[in-house]
Amino acid sequence: MTMGRGIDNPDTERLLWVGAIVLAASVPHLLSVPPWIPAFLLGAIALRIATALRGWRVPGRPLRLLLAFAAFCGVLARYRTINGIEAGGALLVVMMALKFLESRNHRDQLVLIMLSYFLMFASVLTERSPFTIVYCVILVWLTTVALLHLGRTGRIVDGRATAKLAARLLLQSAPIMVLLFLLFPRLPGPLWAVQMDAASATSGLGEEMSPGDIASLKLSDAVAFRVEFDGRPPGARDLYWRGPVLSSFNGRTWRMPAPRRAAPESSVEYLGDAFDYRVMLEPTGHGWAFALDIPKSWSGPRHLRMNGEYQLGLSFAGPPLPRYDYRATSHTRYFAREPLSEPQRRALTRLPPGSSPRTRTLVSSWLADDPSPRRLVERAMDYLRSQPFYYTLTPRTLHDQPVDEFLFDTREGFCEHYASAFAVMMRAAGLPARVVTGYQGAELNRLSNYYIVRQSDAHAWTEVWLEDDGWVRVDPVTAVSAGRVSQSAWRTSFGDAAPTGGRASVRIPWLGDARLVLDAGYFYWNSWVMGYGPEVQSALLDQLGLGGTPGGRSSTLLLLVVAVTITASIVLSLYLAWLYRRKFGVDAAARQFAAFGRRLARVRVLPCRPSEGPRAYAARAQRLLPYAAAEIEAIVTLYLRARYEPDADSSALAELRARVATFAPARG
């Protein structure tokens, strides 16, 4: 074993710089990878630094190959693939750790620094929030500082000078970066058609609902989507954002129907005012989108469509949506007079045999009194109003007959319990019914005049099909008296009567304002940076007079990008040359020596070679021009004095200038 080199050793300093950069570049990935990967990275960095400090040998090739194979198998076992953003990012972090462990020389360290840039770029593919971008910009600057440190041999130079140089380089490249961002042809959809991993998305809704199995609904302040209305928004009680529609029921669980039907043609009569709005959807983990109930028209970067349950989506059974920006027009008043076929009617009134016997008995008594559909809906709502039902987020667990137990025993639950029970009562009465899930309400960000719909706004209601009116929305939660709302259930469906769930910060004014300011930053970031897609770019180009067909526009853009990049590079080079001349001036002695060389070239003396010094060049010229040897010697001596020796009064430079001006060797 040899003695360690110590932290003050230049090689060790460089290794510490590289280790810090590799670790910092891996941080955005470490939040979503299995715990063993951060431990593996930290262990590899610590072991390699210990070998440098203690003088130990770097682990041998067999051990490194074994670690690489084990790490590869670990990533493959966790993600079942090495493709995709998350799996690829995890594998890249592992490979960086192994590369750092085996690094031995200056070249390995430079490779690690360059790979760190790619690792930072990979993190932007999954998370593009303003905070991530700011972190990556700072890290790019620090990585450039490290690259400047590693680019020279010897001891590391002063950190402040290197930091200023790196900052200046990045600032000088910023105009070109902005131009490329604005003008480079934008592609529809996510970058390189990379889809969001389902595991990395967050959603308060799913493809099924089992109220009896949920013991506690955990509220979340996470943003589901943001909405910006073009004009006057609807009233608070009309803010029902339609999502998955569940019509398949097995006695406990409601599920989306399969196969899903195509949208019914011309089955909706829209009434009243139309509301135009823009939706900025956060990743959902699914292929569906949300719209104000019921959408009339819509548009987006990729084609949305509506299924037979009036739900918007891109691909209802396909890959999940990333952040998605689209526009829609909706009417909050409508008649959805969809004609039901006999198979559809049977499916929408079906109840599993033997399920909910007490509920069936109750509904049978209503049918005996008055079988009219509207009266049955009123009787069900009256039952919920008259009985001691409570709205709570911590209901007791239901067992074999969840609907009966909720309606007759526990009488406590949240929106899913009420929507499910009401749909079962309607089906027991022979009326087609289904459960609609989505969001209800929104929070106005008064700082920027847009609405925030959070996961805590997740809601479920019931739709009942009536012969004359078609599908009618019924929200059974509204039947619960506000006095029977659990104090733990801030989130209610009574409009403005109570605070929204999961938002305790609204009781602290300054904290609520700070949260709105922060969300406004996200809103503008998503609107102007993340939302800068083909449509926005096309509008910008039209304003610049560069419109045309998409193909012609793309060709124009590519030519414009190339022209702008070349022009910007030339202008930047000229500017840097001007700064250099201004700071260091022009070497007048060198200029005179160059003029001396041109005069010698006229008499067939070849120019000074890169390997020749001034004295060697003069000796060669004297051999070819012996009659001018004395003058050549004098000029070279004056040049060396003027350029390399103190010349406070510039006398040597003045004499050099005079001799070069009169030097005129004759041709041999």
Side-chain angles (χ1 to χ4, degrees), residues 205 224-225 227-247 254 256-257 260-279 281 284 286-300 303-316 321 324 326-340 344 348 377 415 419 422-423 426 431-442 451 453 457-478 493:
L205 302 175
F225 52 91
V227 183
E228 185 178 31
F229 287 95
D230 291 347
R232 180 180 61 86
R237 294 182 181 274
D238 292 327
L239 294 177
Y240 281 85
W241 307 97
R242 191 180 190 89
V245 179
L246 315 177
S247 59
W254 291 87
M256 296 180 69
R260 298 174 179 86
R261 299 181 295 124
E265 297 183 2
S266 304
S267 63
V268 182
E269 178 185 354
Y270 296 95
L271 307 173
D273 296 332
F275 298 96
D276 299 320
Y277 53 96
R278 174 190 178 198
V279 179
L281 182 69
T284 65
H286 304 282
W288 55 63
F290 299 90
L292 197 62
D293 202 9
I294 289 178
K296 181 179 182 180
S297 60
W298 53 88
S299 62
H303 182 61
L304 290 171
R305 60 188 178 90
M306 188 166 68
N307 66 8
E309 284 75 37
Y310 307 108
Q311 178 197 353
L312 284 186
L314 184 65
S315 177
F316 295 97
L321 280 173
Y324 195 60
Y326 55 96
R327 299 190 63 84
T329 299
S330 296
H331 293 250
T332 56
R333 294 179 56 214
Y334 55 84
F335 285 114
R337 294 190 177 97
E338 175 190 357
L340 296 183
Q344 289 174 335
L348 291 167
V377 173
C415 58
F422 196 90
M426 294 299 99
L431 299 180
R434 60 194 183 189
V435 174
V436 183
T437 61
Y439 299 88
Q440 200 281 321
Y451 287 84
V453 179
D457 294 317
H459 193 51
W461 58 93
T462 307
E463 279 188 338
V464 183
W465 193 87
L466 303 179
E467 194 68 39
D468 296 330
D469 300 324
W471 287 109
V472 176
R473 180 175 65 228
V474 182
D475 192 348
V477 169
T478 59
S493 296

**OP:** Take W465 and Q344 through the side chain to side chain contact (heavy atoms under 4.5 Å, CB included) test and state the conclusion after the steps.
**Re:** CA-CA 11 Å; W465 193 87; Q344 289 174 335; over 6 Å; no
For the pair [X] (side chain) and [Y] (backbone), establish whether a donor and an acceptor sit closer than 3.5 Å, ignoring hydrogens and angles.
X    : Y    : result
Y277 : L292 : yes
H459 : T437 : no
T462 : A419 : yes
W241 : A442 : no
R434 : A423 : no
Y240 : I294 : no

Original post:
Does the side chain to side chain contact (heavy atoms under 4.5 Å, CB included) test come out yes or no for Y439 and L239, once each step is laid out?
Top reply: CA-CA 8 Å; Y439 299 88; L239 294 177; over 6 Å; no
Drop me the distance from [X]'s [atom1] to [Y]'s [atom2], to the nearest 0.5 angstrom.
X    : Y    : atom1 : atom2 : result
N307 : M256 : CG    : CE    : 6.5 Å
D238 : T332 : CG    : OG1   : 4.0 Å
W288 : L281 : CH2   : CG    : 11.5 Å
R333 : F335 : CZ    : CZ    : 7.5 Å

Testing the basics here: between [X] and [Y], what is the closest heavy-atom pair and its distance to 0.1 Å?
X    : Y    : result
Y334 : R473 : OH-NH1, 3.9 Å
C415 : A460 : SG-N, 3.6 Å
L304 : A289 : CD2-CB, 4.3 Å
M306 : P295 : SD-CG, 4.0 Å
Y451 : P233 : OH-CG, 3.3 Å
Y326 : S299 : CB-O, 3.2 Å

Subject >> Audit row: V474, M426, side chain to side chain contact (heavy atoms under 4.5 Å, CB included) steps and yes/no >> reply: CA-CA 11 Å; V474 182; M426 294 299 99; over 6 Å; no
When you compare the side chain of [Y] with that of [X], does any pair of heavy atoms fall below 4.5 Å?
X    : Y    : value
L271 : H331 : no
F422 : V377 : yes
D273 : R232 : yes
P432 : W471 : yes

Subject >> Donor + acceptor pair across side chains of D293, Y310 (<3.5 Å) >> reply: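 No, no side-chain donor-acceptor pair sits under 3.5 Å.
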**OP:** Classify the ring geometry between F229 and F275 as parallel (under 30°), tilted (30 to 60°) or perpendicular (over 60°).
**Re:**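 Aromatic pair F229/F275 classed perpendicular.
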Original post:
Among E463, Q311, E309, whose side chain to side chain donor-acceptor pair (under 3.5 Å) with R242 holds?
Top reply: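 The option that passes is E463.
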